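FYI, side chains are in, hydrogens and waters are out, and symmetry mates aren't considered; it's all heavy atoms of this structure. Computed from a predicted structure; not experimentally measured. First the proteins, then the strands, lettered A, B, ... as listed; each starts at 1.
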Number of protein chains: 2
Amino acid sequence: MKLPVPRQRPPVPVRSANGRSPATVRRLPILSDVARQAEVSLTTASRALDPDSDHPVSERTRARVVAAATRLSYRPNPMARALRTRRVPTIAIVVHDVSDPYFAEIVRGATAAASVRGFLTVVCSSDRDPATELRYVEMLCESRVSGVIFAGGGLEEAHYHRSMSGYARSIAHYGGAIVALAPRSERWPAELPDNQGGARMVTEHLVSLGHSRIAMISGPATLRTSRERELGYAQAMKAAGLETSIVRADFTVGGAAKAIARLLRSDSPTAVFAASDTMALGALSELRRSGIDVPDDVSVAGFDDIPGLEFMHPALTTVRVPMAELGAAGVARLLRQLDGKDTATRTQIHPVQLVVRESTGRLGGARGAV
Amino acid sequence: MKLPVPRQRPPVPVRSANGRSPATVRRLPILSDVARQAEVSLTTASRALDPDSDHPVSERTRARVVAAATRLSYRPNPMARALRTRRVPTIAIVVHDVSDPYFAEIVRGATAAASVRGFLTVVCSSDRDPATELRYVEMLCESRVSGVIFAGGGLEEAHYHRSMSGYARSIAHYGGAIVALAPRSERWPAELPDNQGGARMVTEHLVSLGHSRIAMISGPATLRTSRERELGYAQAMKAAGLETSIVRADFTVGGAAKAIARLLRSDSPTAVFAASDTMALGALSELRRSGIDVPDDVSVAGFDDIPGLEFMHPALTTVRVPMAELGAAGVARLLRQLDGKDTATRTQIHPVQLVVRESTGRLGGARGAV
DNA sequence: GCAATCACGGAAATCCATTTCCATTTCTGT
DNA sequence: ACAGAAATGGAAATGGATTTCCGTGATTGC
C-alpha cells in the first residue's frame, strides 16, 4: 500500500549573498514564498501588498512583507488574480480598420489613456466585414475583457444586429462595459464627434465663399455617421436657400473618385464637401486627373482632419475631429462605468472645429484674380 | 456548536420550456454544471469538450456532454484555463506610434494573423519614449502574454537596454516568445524588410535617371533601420562612383522639412532619397514651399510605400515594404516558437520592391523637354 | 469591573478548468 | 481461460491570489 505523500512545492531559493541568482531558480516566486520569507500567513501577505485593502495591517508587518516581496522580486500572478476577482485589467477596442488614420488616431488615444490606468488594450480590426467583427466580439466575450469600445458604426447585415446584441448582453452579464464612439442603433453609452454641427460649419464656410452649387459626396447610407454629416450639410444648404446634391459611395479613396466623376458629368458643382478626408483625397486626385484646379475651379473640403493631409498640395480644408481625445474619452467612460459611477448623460458630444486651408476658395478663383 | 454547513453553489437553472431564460439566472454556467447535466464527472466533461485531449472518451459520453454544454451555452472560463495552463491566448505588439501608417499597417497584418489562430492582440504605442515603452513591456511581462512582437527599433537611452534585456529574460523565463520586426541590437528572432537592398535599388534608380548629386535625408543615426538604408544608399553611390551626402533628422515630416532646407543651402542636389515616406512627404512639402518643382527641378524618392501617398501630387516614387505581411510573419514566427518548432534561421529578410511613380524624373526635367 | 469594540492575524473556502493518478471494465493474444 | 493491454471514467490535486469567517488580545465605555 502506498502512503499518500503530501506533495509540496520546493521553496524558491533566496538570492544568494553574491547578488546573483543561484542556478537552481526554476519557477517564479508566488505569494506563499513571500509569506514564508516574511513569516506571516498567506492572508496577511496578500493584505500587506494590496494598497487598497480595508483590512488593517500593522506597519511593521507590512514592511516585512514588502521587504520579502522586493527581495524575491515577487509579481502577483495576473491569471490567478483575474480568476478570483473575475476581472482582467484589459479592455478592447473594435475598429473598422486600424490602418485607416481616423481609427489609428482613436486607437492611439485609447491605448494611451488605458495604459496610464494600468489597462492593456486589445485592438480588433474588422476590415469592415460583419462576420470578422462578430468573430472578434465573440473572442472578446469569451476572454471576459473588462470593457469593449466600438469605434466604428454598426455594419449592415442580417445576423449582425441580433448577434451583436446577444454579445452585448453577455458582456453586460459578466459585468463588462460597452462604449460607442460612433452613432449606432444600439443604445450604448457613447462619446461622439459633432458630425452634424461640423458638416453645417463646413457647408456654411463654402456658402460664405460665394458657392451655390455645393455637392456632397457621402459614405454609404447605412452608416449613421454619413447620415449625420448629410443632415448638417442639408441644414446649412436649406438655411442658405440652396439645392442639395448628394452622391453616395464607399468610404474610400476609390469610391470618392468614382463619385466625383459622376458628379462632374451631371451637376458641375463649384464646391464639393466630402464626408471624410479619405474621400476628399479621392476627390482631389480625380479632379487633378481631369485637369480641374483646386481651389480655382472647384473647392474641396473634407471631414476628420486626419494627419498628413495638411502637407498635401493643396492643403485640405476640413473639420477637425478630436480623434485621440475621443478614444481617451471612451476609455474614461468605460472605466467610470466599471466603477459604477457613470452618472453622466448617456451620449456625450465632442465639439469639432473648422480648419480652413488651401483647398477651398472664393467662387471664380480669388487667387487667380489677385 | 455550529455544524460546518457544506456550502454549495446553487445549480444553474436549465433553460425553461418556453425557450426564454428564467429570471433566476445569475451566474454563468461552469464546467461542473455541464457535468451534472450530462451526468458525468468533471474530468470526463473536461475531456469530452477538449478536442485535443489524448484521453479517450466514448462517443456516446462525448455527445451527452456536448449536448449539455450547448444547452447551457457553456463557455470555459478563460482565466481558470489560463491559470491552469499558464498560457493566455494573447500576444502583444509594441510599436513606436500606432498612428504612423507604417506601424498601423504592420498592426493590421499582425492582428489579422493572430485572430485566425485564436489569439487576441494587445497593441502598445510607445510614442517613441523609452520610459513609456519600458512601462508597457513591464505590463506585458506581468500579464504573461504568450509573446511580444517588437515592431520598432530599439530606443536610445541609458536604462533602456539593461531594462529591456531584463524583461526579455523574464518573458523567456515564463515561456513567452519574442520577435523583432526591425533591426535591433538584441539578438532576437527577426522578420525584417530588406532595408539595404531597397535603398540600393532606389538609389540605382536615381542614378539611372542621370542624377549625380543625390542626397539622402535619413533618420537618427541611433536607429538601425536608418543605418541599413544609409548603407544601401552608400553602396549604390560608391558603385556609381558618386559622392554621398547624408543629412540626418527626426523620422518625421517636420524633421525632413528642416533637413531639406539645410540641404538646399549647401549641396543643391538634383535628387533626394528620403529614408521614409513620411520624411519624403516633408521634403515634398518644403520643396514646394520653396518653389522648387518635383520632379522637374529635383527628384524625390521615399521608402516604405505607406498607403495614401500614391494619391498625392506628384505621386511618390518609393520602395514597397510588405508591412502587413511583416506583421503576419511576426505572428507566425511567434506561434511557431511557442510550439517549439521554430527551426528557421533566426533572421528572415523580406524582399522589397521599387515602385516608380511621378516624383522622380530624368535630370533636367524630361517632362518639360518633351 | 464587565461588556462591547477595535486592531490584527490566520485557516480555510473560493474562483474554475486541467491534469495526474488510479480504478474499473472490456478487449487482446496465446 | 488467463495474463496483460487498452478503453473509459472518476477522485483529488493543481495553478495562485483573494476573501470570508473567526479568534485573539488590547482598548474603550460606563
Asks: Quick one about S46(A) and T43(A) (side-chain donor to acceptor, distance below 3.5 Å, no hydrogens or angles considered), yes or no?
Replies: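 The criterion, which ignores hydrogens and geometry beyond distance, is not satisfied for S46(A) and T43(A).
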Asks: Looking at dG9(C), I'd like to know if its phosphate oxygens (OP1 or OP2) sit under 4.0 Å from a side-chain N or O belonging to T61(A).
Replies: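 Yes, such a contact exists.
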Asks: Do T44(A) side-chain atoms and V40(A) backbone N/O form a donor-acceptor pair below 3.5 Å?
Replies: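 Not at all, since once roles are kept as given, no pair shorter than 3.5 Å links the two residues.
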Asks: Specify the separation, in whole Å, of atom CD of E59(A) and atom P of dA7(C).
Replies: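 Interatomic distance, CD of E59(A) to P of dA7(C): 14 Å.
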Asks: Verify the contact: side-chain N or O of S41(A) to OP1 or OP2 of dG9(C), cut-off strictly under 4.0 Å; return yes or no.
Replies: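 No, because none of the side-chain N or O atoms of S41(A) sits under 4.0 Å from OP1 or OP2 of dG9(C).
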Asks: Whole-Å distance between dT14(C) P and L31(A) CG?
Replies: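 In whole Å, dT14(C) P and L31(A) CG are 20 Å from each other.
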Asks: Please pick, from dC15(C), dT8(D), dT18(C), the nucleotide with the shortest atom-to-atom distance to any side-chain atom of L83(A).
Replies: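 From the listed options, dC15(C) comes nearest.
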Asks: Counting only side-chain nitrogens and oxygens, does S58(B) get under 4.0 Å of the OP1 or OP2 atom of dA7(D)?
Replies: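 Checking S58(B) against dA7(D): no side-chain N or O falls below 4.0 Å of OP1 or OP2.
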Asks: Please tell me if Y74(A) has a side-chain N or O lying less than 4.0 Å from either OP1 or OP2 of dA17(D).
Replies: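 Y74(A) to dA17(D) OP1/OP2: side-chain N or O found under 4.0 Å.
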Asks: Using a heavy-atom cut-off of under 4.0 Å over every strand shown, decide if S53(B) touches base, sugar-phosphate, or nothing.
Replies: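 Since no nucleic acid heavy atom lies under 4.0 Å of S53(B), the category is nothing.
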Asks: Of all the nucleotides listed (dG15(D), dT19(D), dG10(C)), which has the minimum atom distance to the side chain of R86(B)?
Replies: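 Nearest listed nucleotide: dG15(D).
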Asks: Does the Lys NZ or Arg CZ of R184(A) fall within the cation-pi geometry relative to F150(A) - under 6.0 Å from the ring centre and within 45° of the axis?
Replies: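 Yes, cation above the ring, under 6.0 Å and within 45°.
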Asks: Tell me the interatomic distance from H55(B), atom NE2, to dT25(C), atom C1', rounded to whole angstroms.
Replies: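 Computing the H55(B):NE2 to dT25(C):C1' distance gives 13 Å.
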Asks: If you look at every strand shown and take non-hydrogen atoms under 4.0 Å, does S46(B) touch a base, only sugar-phosphate, or nothing?
Replies: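 S46(B): base contact, heavy atoms under 4.0 Å.
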Asks: Taking CZ from R47(B) and P from dA11(D), how many angstroms apart are they, rounded to a whole number?
Replies: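 Rounding to the nearest Å, CZ of R47(B) and P of dA11(D) are 12 Å apart.
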Asks: Taking CZ from R84(B) and P from dT19(C), how many angstroms apart are they, rounded to a whole number?
Replies: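 Checked: the CZ to P distance equals 6 Å.
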Asks: Mind checking if P76(A) touches a base, just sugar-phosphate, or nothing, with heavy atoms under 4.0 Å?
Replies: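 The residue P76(A) makes sugar-phosphate contact but no base contact.
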Asks: I need the CZ-P distance between R60(B) and dA7(D), as an integer number of Å.
Replies: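 Atom-to-atom, R60(B) to dA7(D), this comes out as 18 Å.
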Asks: What's T43(A) touching, base or sugar-phosphate or nothing? Going by heavy atoms closer than 4.0 Å.
Replies: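 Touches a base.
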Asks: Quickly work out the R36(B) CZ to dG9(D) P distance and round it to whole Å.
Replies: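 Going from R36(B) (CZ) to dG9(D) (P), I get 19 Å.
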Asks: What's the CG-C1' distance between D50(B) and dT19(C), to the nearest Å?
Replies: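 Answer to the nearest Å: 11 Å.
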